[in-house]
Amino acid sequence: MQAMQIPDEGGPAAVDYLPVCGHLVFAYFWARMAKAALEKVDGGDPFYQAKLITARFYFAKLYPETAMLMRTARGGAKVLMDTQEAMA
């Protein structure tokens with residue numbers, strides 16, 4: 001919303017917003033893969049066990065980055081704009 005009022009706010013927020021979108025897409029697909037693997041893991045195929053382990057890793061170690069990225073996306077452009085003014 002700030003970018004609609006202050007043009008300088010959009011660019012810096014996009015740097016963090018785009019990886020958030022990527023994480024949401026990955027989370028969606030990992031959830032679908034995990035659901036499918038849960039239905040077949042009892043068959044003894046190690047492929048499905050590996051899918052579940054990888055999904056757990058993603059949600060435990062990588063997906064939490066979205067919280068930090070959302071905080072920094074909302075942080076505003078002041079730091080970036082201050083840097084540009086200091087270098088002028």
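Computation of the quantities below employed the complete heavy-atom set of this structure, encompassing side-chain atoms and omitting hydrogens, waters and symmetry-equivalent molecules. What you see is a predicted model, and the numbers here were worked out from it, not measured in a lab.
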To the nearest 0.5 Å, how far apart are CZ in R71 and CG in D16?
11.0 Å

For E65, side-chain hydrogen bond (donor to acceptor under 3.5 Å, both in side chains) partners two or more places apart:
H23

L18 and L69: same hydrophobic cluster, using ILVMFWY side-chain contacts below 4.5 Å?
no

A side-chain contact here means heavy atoms from C-beta on lying under 4.5 Å apart; do T54 and K51 qualify?
no

Measure across F59 and P64 and return the closest heavy-atom pair with its distance rounded to 0.1 Å.
O-CD, 3.4 Å

To the nearest 0.5 Å, how far apart are OH in Y58 and CH2 in W30?
10.0 Å

Is any side-chain heavy atom of L24 less than 4.5 Å from a side-chain heavy atom of F29?
no

Which heavy atom of A34 sits nearest a heavy atom of A55, and at what distance?
CB-CB, 4.1 Å

Whichever hydrophobic residues join L38 through chains of side-chain contacts under 4.5 Å
V41, F47, Y48, L52

Value for CE (M33) from CZ (F26), rounded to nearest 0.5 Å, stands at 8.5 Å

Decide yes or no on side-chain contact (heavy atoms from CB on, under 4.5 Å) for K40 and D45, but give the supporting numbers first.
CA-CA 8 Å; K40 299 182 179 187; D45 188 343; over 6 Å; no

Hphob cluster co-occupancy, M70 + Y63, side-chain heavy atoms under 4.5 angstrom
yes

